Amino acid sequence: MADGPDDGGLSPDEAFGLLANETRMSILRTLWDADEALQFSRLLERAGVDDSGNFNYHLDRLVGHFVTRDDDGYV
């Protein structure tokens with residue numbers, strides 16, 4: 001059964017809503033291309049985003065759904 005709002009997962013509308021943002025897609029592409037976990041500053045640099053506050057907001061929206069954070073950074 002697919003994840004839905006009742007089980008803590010994202011509905012398809014929520015998932016596509018998260019992905020319908022240029023900054024979030026840049027974060028995901030950067031992590032996809034990375035050979036290892038990336039620390040915040042390295043991820044920010046590689047994603048090519050200038051505003052760290054805006055970047056942090058969008059990264060936080062992805063964590064727990066499409067991105068995982070551990071001691072080594074983001075994957």
Side-chain angles (χ1 to χ4, degrees):
M1 179 184 279
D3 287 343
D6 295 333
D7 62 10
L10 294 175
S11 72
D13 288 342
E14 292 168 326
F16 284 114
L18 279 177
L19 298 176
N21 177 277
E22 179 88 22
T23 299
R24 293 181 202 145
M25 287 304 299
S26 179
I27 291 167
L28 292 175
R29 282 189 211 101
T30 301
L31 290 172
W32 181 264
D33 292 339
D35 295 330
E36 60 190 3
L38 298 176
Q39 293 293 323
F40 180 88
S41 60
R42 190 70 173 136
L43 179 55
L44 173 68
E45 178 185 311
R46 286 191 186 181
V49 178
D50 295 328
D51 182 344
S52 64
N54 183 283
F55 180 81
N56 187 51
Y57 168 80
H58 290 293
L59 179 58
D60 283 347
R61 299 280 313 219
L62 294 171
V63 171
H65 302 293
F66 298 103
V67 174
T68 302
R69 182 178 183 194
D70 60 24
D71 292 337
D72 295 326
Y74 295 92
V75 291

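Throughout, residue positions are numbered sequentially from 1 according to the sequence presented. None of the values given here were measured: they were computed from a predicted structure.
Applying the salt bridge (Lys or Arg N to Asp or Glu O under 4.0 Å) criterion to Arg42, with sequence neighbours excluded, gives Glu45. Under the rule for a side-chain contact (heavy atoms from CB on, under 4.5 Å), the partners of Leu19 that lie at least two apart in sequence or sit in another chain are Met25, Leu28, Phe66. Under the rule for a ring-ring contact (aromatic ring centres under 6.0 Å, His included), Tyr74 has no partner lying at least two apart in sequence or in another chain.
Residue pairs meeting the side-chain hydrogen bond (donor to acceptor under 3.5 Å, both in side chains) criterion with at least one partner in residues 19-29, sequence neighbours excluded, are Arg24-His58. Applying the salt bridge (charged side-chain N to carboxylate O under 4.0 Å, His left out) test to pairs two or more places apart or on separate chains, none has a residue in residues 56-70. Applying the ring-ring contact (aromatic ring centres under 6.0 Å, His included) definition to pairs two or more places apart or across chains, none involves residues 9-32.
Looking only at side-chain heavy atoms (C-beta outward), Leu43 and Leu59 come within less than 4.5 Å of each other. Between Leu31 and Val75, the closest side-chain pair of non-hydrogen atoms is not below 4.5 Å. By the 4.5 Å heavy-atom criterion applied to side chains, Asp72 and Glu36 are not counted as neighbours.
The heavy-atom pair separating Phe40 from Ser52 by the smallest distance is CZ-O, 3.9 Å. Minimum heavy-atom separation, Gln39 to Asp71: NE2-O, 3.8 Å. The two residues Glu14 and Gly9 make their nearest non-hydrogen contact at OE1-O, 4.0 Å.
Tyr57 and Leu18 are members of different hydrophobic clusters when ILVMFWY side chains are connected at heavy-atom separations under 4.5 Å.
Taking CZ of Arg46 as the reference point, atom OG1 of Thr30 lies at 8.0 Å (rounded to 0.5 Å).
A 6.0 Å sphere centred on CG of Asp50 holds no more than 12 heavy atoms belonging to other residues, nucleotides or ligands.
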